[in-house]
Amino acid sequence: MSRPPNASRQTHVLLAALLEQPRMWRHGYELAKQTGLKSGTLYPLLMRLSDQGLLDARWTESDQPGKPPRHIYRPTAAGLAFAREQRANLNVDGLPPKPIKSSV
């Protein structure tokens with residue numbers, strides 16, 4: 001059972017990067033450089049979004065002989081819709097709104 005998509009700051013940063021070129025396949029390293037997310041944050045997030053059907057992921061052979069295959073990612077149609085919805089829900093600071101705490 002996969003987790004529901006979250007609205008963390010890291011998720012928003014990654015989705016914003018993916019929306020810049022939504023049909024382009026991207027390597028995790030490239031996304032890490034663009035977003036500033038550390039690998040321990042980025043790769044679990046990529047795997048989770050892929051498991052939720054929001055990203056397509058596939059292996060690709062390296063252009064350089066002797067280098068191992070690498071994962072590449074791009075948003076699915078559902079992922080694009082989710083990313084656009086999340087972008088629309090950002091506050092003026094470009095951050096997700098803070099959850100409302102219940103006083104019950």
Taking the hydrophobic residues Ile, Leu, Val, Met, Phe, Trp and Tyr, and joining any pair whose side-chain heavy atoms are under 4.5 Å apart, which ones share a cluster with I72?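 Once heavy-atom contacts under 4.5 Å are chained together, I72 belongs with W25.
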Can you tell me how far apart [atom1] ([X]) and [atom2] ([Y]) are? Round to the nearest 0.5 Å.
| X | Y | atom1 | atom2 | answer |
| --- | --- | --- | --- | --- |
| W59 | R70 | CH2 | CZ | 10.5 Å |
| Q10 | K38 | CD | NZ | 12.5 Å |
| R87 | L80 | CZ | CG | 10.0 Å |
| E20 | Q34 | CD | CD | 4.5 Å |
| L55 | L15 | CG | CG | 7.5 Å |
| S50 | R58 | OG | CZ | 12.5 Å |

Where do [X] and [Y] come nearest, in terms of heavy atoms and distance?
| X | Y | result |
| --- | --- | --- |
| Y43 | G28 | OH-C, 3.3 Å |
| P75 | G79 | CB-C, 4.4 Å |
| R23 | A77 | NH2-N, 4.4 Å |
| P44 | S39 | CD-O, 3.6 Å |

pair Y73-H71: side-chain heavy atoms closer than 4.5 Å: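 Yes - at least one pair of side-chain heavy atoms lies under 4.5 Å apart.
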Any side-chain heavy-atom pair of T11 and R48 under 4.5 Å: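 Answer no - side chains too far apart.
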Between [X] and [Y], is there a donor-acceptor pair closer than 3.5 Å when you use the side chain of the first and the backbone of the second?
| X | Y | answer |
| --- | --- | --- |
| T35 | L31 | yes |
| R26 | A17 | yes |
| T76 | G53 | yes |

Run the side chain to side chain contact (heavy atoms under 4.5 Å, CB included) check on L46 and L14 step by step: do they pass? CA-CA 9 Å; L46 289 168; L14 177 58; 3.8 Å; yes
Please step through side chain to side chain contact (heavy atoms under 4.5 Å, CB included) for the pair M24 and R74, ending with a clear verdict. CA-CA 6 Å; M24 186 174 154; R74 73 176 179 190; over 6 Å; no
